[in-house]
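Everything on this sheet refers to the single structure shown next.
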2 protein chains.
Amino acid sequence: MENYKTSLDAAFHALSDPTRRAVINRLTKSPAPVKELAKPFDMGLPAFLKHLRVLEESGLIATEKTGRTRTCQVKIGRLAEAESWLCEQRALWQARTDRLADYVETQMSRDTENDG
Amino acid sequence: MENYKTSLDAAFHALSDPTRRAVINRLTKSPAPVKELAKPFDMGLPAFLKHLRVLEESGLIATEKTGRTRTCQVKIGRLAEAESWLCEQRALWQARTDRLADYVETQMSRDTENDG
DNA sequence: GTGAAAGTTCACCATATGGCAAACAAAATC
DNA sequence: GATTTTGTTTGCCATATGGTGAACTTTCAC
């Protein structure tokens, strides 16, 4: 497995796979054991366990084994970190487009002055 | 290059690399040509171009060549799509924890009734 | 205590990723 | 028109990813 340096690397990587996103989506509704999580997917348990491990190592889910079943649940913090990063980028972009709109407006009113 | 089925696959994959996230961050401030974008990074142009292509194929940026320079800019829509997905998951999780809190509260008040 | 259930580990495979160096193309500059 | 600048293509490499089947462990139920 690759060593993702930052938590964002690992979180976004984990989210880039549809199986893993579906698992997250399922887990937002309630915690669940491995077998139930794996049921909707057309792949063997070993492959599915790899996905779970990617999710766990990214910090997007936590798992705990009691008896012979392993229960998984979402850790909302990591999800929120990723969301924050995206929000920040959108805010920066928005700030720029706002400044640009201001500038264009200023130019237009200046042109109007010159015309009048 | 892998064929990501959905735009979310491609977007999250693109965002899982620190170089590519840095490029997005830079581009939120203003469009820029390839060479300027590549300057902060300790890698050759060919490697950097691969990153740019991943970003472009994911729809997170658009590029246009005029003369010998290629100018890149953020496409905010894709960023917003990814953010929306995360927001949705958080909302689902929140809804559940709210229901859970309600339930616990109900149980507690019932217990109090039984106690009194 | 036998057997099924739920995970887990292992060895293996094809393909994708992320980097390099070198050669090339096209446009701007002198 | 020779040179530099900017980007592009090509071939190559090591490692990561996402899957498989087979063997194994532990726990639960009978």
Side-chain angles (χ1 to χ4, degrees), chain A residues 1-24 26-27 30-73, chain B residues 1-24 26-27 30-73:
Chain A
M1 306 278 175
E2 187 178 323
N3 257 354
Y4 286 99
K5 299 231 178 68
T6 79
S7 60
L8 279 180
D9 289 10
F12 282 130
H13 168 63
L15 292 172
S16 73
D17 183 280
T19 298
R20 295 194 289 257
R21 282 201 311 280
V23 168
I24 292 287
R26 164 63 188 79
L27 287 179
S30 75
V34 171
K35 205 200 173 187
E36 186 194 321
L37 287 176
K39 201 175 296 178
F41 303 105
D42 185 22
M43 74 179 68
L45 249 283
F48 186 75
L49 282 178
K50 282 192 191 176
H51 285 301
L52 278 190
R53 180 167 298 181
V54 169
L55 284 169
E56 186 167 20
E57 286 182 351
S58 77
L60 287 167
I61 71 170
T63 80
E64 192 185 3
K65 192 160 182 177
T66 12
R68 68 182 162 176
T69 75
R70 177 175 294 279
T71 306
C72 309
Q73 58 183 310
Chain B
M1 307 279 176
E2 187 178 323
N3 257 353
Y4 286 100
K5 299 230 180 69
T6 79
S7 60
L8 279 181
D9 288 10
F12 282 129
H13 168 64
L15 292 172
S16 72
D17 183 280
T19 298
R20 294 193 290 256
R21 282 201 310 281
V23 168
I24 292 287
R26 164 65 188 78
L27 288 179
S30 75
V34 171
K35 204 199 173 187
E36 186 193 321
L37 288 176
K39 201 176 295 177
F41 304 103
D42 185 22
M43 76 180 67
L45 250 281
F48 186 76
L49 281 178
K50 281 194 191 177
H51 286 299
L52 278 190
R53 180 167 300 182
V54 169
L55 284 169
E56 186 167 19
E57 286 182 352
S58 77
L60 286 167
I61 71 170
T63 80
E64 193 184 3
K65 191 159 184 177
T66 12
R68 68 181 164 178
T69 75
R70 177 175 295 279
T71 306
C72 308
Q73 56 182 312

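Every chain is numbered from 1, with letters handed out A, B, ... down the list of sequences.
One finds the CG atom of A:L55 at 9.5 Å from the NE2 atom of A:H13 (value rounded to the nearest 0.5 Å).
Scanning both residues, B:V34 and B:C72, for their nearest heavy atoms gives CG2-SG, 4.3 Å. Here the closest non-hydrogen pair linking A:P40 and A:L37 is CD-O, 3.1 Å. In terms of heavy atoms, B:T71 sits closest to B:P31 at CG2-CB, 4.0 Å. For the residue pair B:F41 and B:V23, the shortest heavy atom distance occurs at CE1-CG2, 4.1 Å. Nearest heavy atom pair, residue B:R20 against residue B:A14, reads NE-O, 2.8 Å.
Distance CZ (B:R70) to C1' (C:dA25): 13 Å, rounded to an integer number of Å. Counting to the nearest Å, the C1' atom of C:dT17 and the NE2 atom of B:H13 are 7 Å from each other. B:D9 places its CG atom 14 Å from the P atom of C:dA16, with the value rounded to the nearest Å. For B:E56 and D:dG7, the CD to P distance is 14 Å, given to the nearest whole Å. In this entry the distance linking CG of B:L49 with C1' of C:dA25 reads 14 Å, nearest Å. The interatomic distance linking B:L52 (CG) with D:dT9 (C1') rounds to 15 Å, in whole Å.
Of the side-chain N and O atoms in A:R53, none sit less than 4.0 angstrom from OP1 or OP2 of C:dG7. An OP1 or OP2 oxygen of C:dG18 is reached within less than 4.0 angstrom by a side-chain nitrogen or oxygen of B:R20.
Side chain A:K65 to base C:dG7: no donor-acceptor pair is found below 3.5 Å.
With sequence neighbours left out, B:R21 forms a side chain to side chain donor-acceptor pair (under 3.5 Å) with A:T6, A:D9.
Checking D:dG7, C:dG19, D:dG18 against every side-chain atom of B:K50, the shortest atom distance belongs to C:dG19.
With 3.5 Å as the limit, one finds no donor-acceptor pair spanning the side chains of B:T66 and B:R70.
Counting only heavy atoms from C-beta outward, the side chains of B:H51 and B:D17 approach each other to under 4.5 Å.
Residues of residues 35-48 of chain A that place a heavy atom closer than 4.0 Å to DNA chain D, in numerical order, are A:M43, A:G44, A:P46, A:A47.
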Can you give me the N/O atom pairs linking the protein to nucleotides 24-27 of chain D at distances under 3.5 Å, or say none if there are none?
from	atom 1	to	atom 2	distance (Å)
D:dT27	O2	A:R68	NH1	3.1

